[in-house]
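What you see is a predicted model, and the numbers here were worked out from it, not measured in a lab.
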Amino acid sequence: MIEEPQVDLTLEPLDEFVVVQPVSDETETRSGLVLPASAAAAASCRTGIVTAVGSDANGVEAGDKVLYPRDAGYEVRLGGIEVKVLKREDLIARIHD
């Protein structure tokens with residue numbers, strides 16, 4: 001049996017770019033109702049977790065939860081996982097849970 005080599009895909013942003021893994025748009029209200037992602041699609045912003053930071057992207061670190069415009073950046077799919085590559089200036093806020 002021939003083993004296929006495992007590919008470790010790493011996306012290293014350059015300069016002022018950051019890589020963000022979007023968080024599911026499905027949300028739960030305070031009363032416990034679950035709103036599907038289709039209901040949240042009208043929202044102009046999304047949240048995500050920063051997974052990598054370029055050398056010139058100040059004020060944000062890997063692991064930070066951030067808010068960004070829905071249409072900002074570039075969608076990239078690596079190993080079946082969707083990520084966004086955004087300029088640091090496109091990030092709106094850091095979220096502290």
Side-chain angles (χ1 to χ4, degrees):
M1 184 165 122
I2 299 174
E3 287 187 33
E4 292 185 31
Q6 291 189 354
V7 179
D8 181 19
L9 298 176
T10 303
L11 188 60
E12 179 184 349
L14 302 174
D15 304 323
E16 74 275 9
F17 287 93
V18 297
V19 178
V20 176
Q21 185 170 355
V23 174
S24 172
D25 281 337
E26 188 174 88
T27 57
E28 185 173 340
T29 65
R30 289 182 186 194
S31 61
L33 295 174
V34 175
L35 300 175
S38 59
S44 59
C45 293
R46 289 194 72 181
T47 59
I49 305 296
V50 176
T51 60
V53 179
S55 60
D56 295 337
N58 298 318
V60 67
E61 299 176 0
D64 286 349
K65 189 172 185 180
V66 294
L67 183 68
Y68 62 93
R70 181 172 290 283
D71 59 349
Y74 307 95
E75 289 186 10
V76 179
R77 188 172 284 281
L78 292 174
I81 298 172
E82 176 194 328
V83 296
K84 286 279 239 179
V85 178
L86 304 153
K87 283 192 172 187
R88 165 57 184 94
E89 65 191 34
D90 289 336
L91 298 180
I92 298 169
R94 192 173 353 187
I95 300 170
H96 300 285
D97 289 336

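With rounding to the nearest 0.5 angstrom, the SG atom of Cys45 is 9.0 Å from the CG atom of Asp71. Taking CD1 of Ile92 as the reference point, atom CG of Leu86 lies at 10.0 Å (rounded to 0.5 Å).
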Please tabulate, one pair per line, all N/O donor-acceptor pairs under 3.5 Å involving side-chain atoms of residues 49-56, not counting sequence neighbours.
from	atom 1	to	atom 2	distance (Å)
Thr51	OG1	Val19	O	3.4

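In this structure, Val60 and Val18 have side chains that are in contact, with non-hydrogen atoms separated by less than 4.5 Å. The shortest distance between side-chain heavy atoms of Arg46 and Pro22 falls below 4.5 Å. Glu89 places none of its side-chain heavy atoms less than 4.5 Å from the side chain of Glu16. Here the side chains of Tyr74 and Lys84 are not in contact, with every heavy-atom distance at 4.5 Å or above. Between Val20 and Val66 there is a side-chain heavy-atom pair separated by less than 4.5 Å.
Two different hydrophobic clusters hold Ile95 and Tyr68 under the rule that ILVMFWY side chains link at heavy-atom gaps under 4.5 Å. There is a path of hydrophobic side-chain contacts, each under 4.5 Å, that joins Leu11 to Ile81.
A donor-acceptor distance shorter than 3.5 angstrom exists from the side chain of Arg88 to the backbone of Asn58, with no hydrogens or angles considered. Judged by distance alone, the side chain of Arg94 and the main-chain N or O of Gly59 form a donor-acceptor pair under 3.5 Å.
Heavy atoms of other residues, nucleotides or ligands lying less than 6.0 angstrom from CD of Glu82 number more than 12.
In this structure, Asp90 and Gly73 approach most closely via the heavy-atom pair OD2-N, 4.4 Å.
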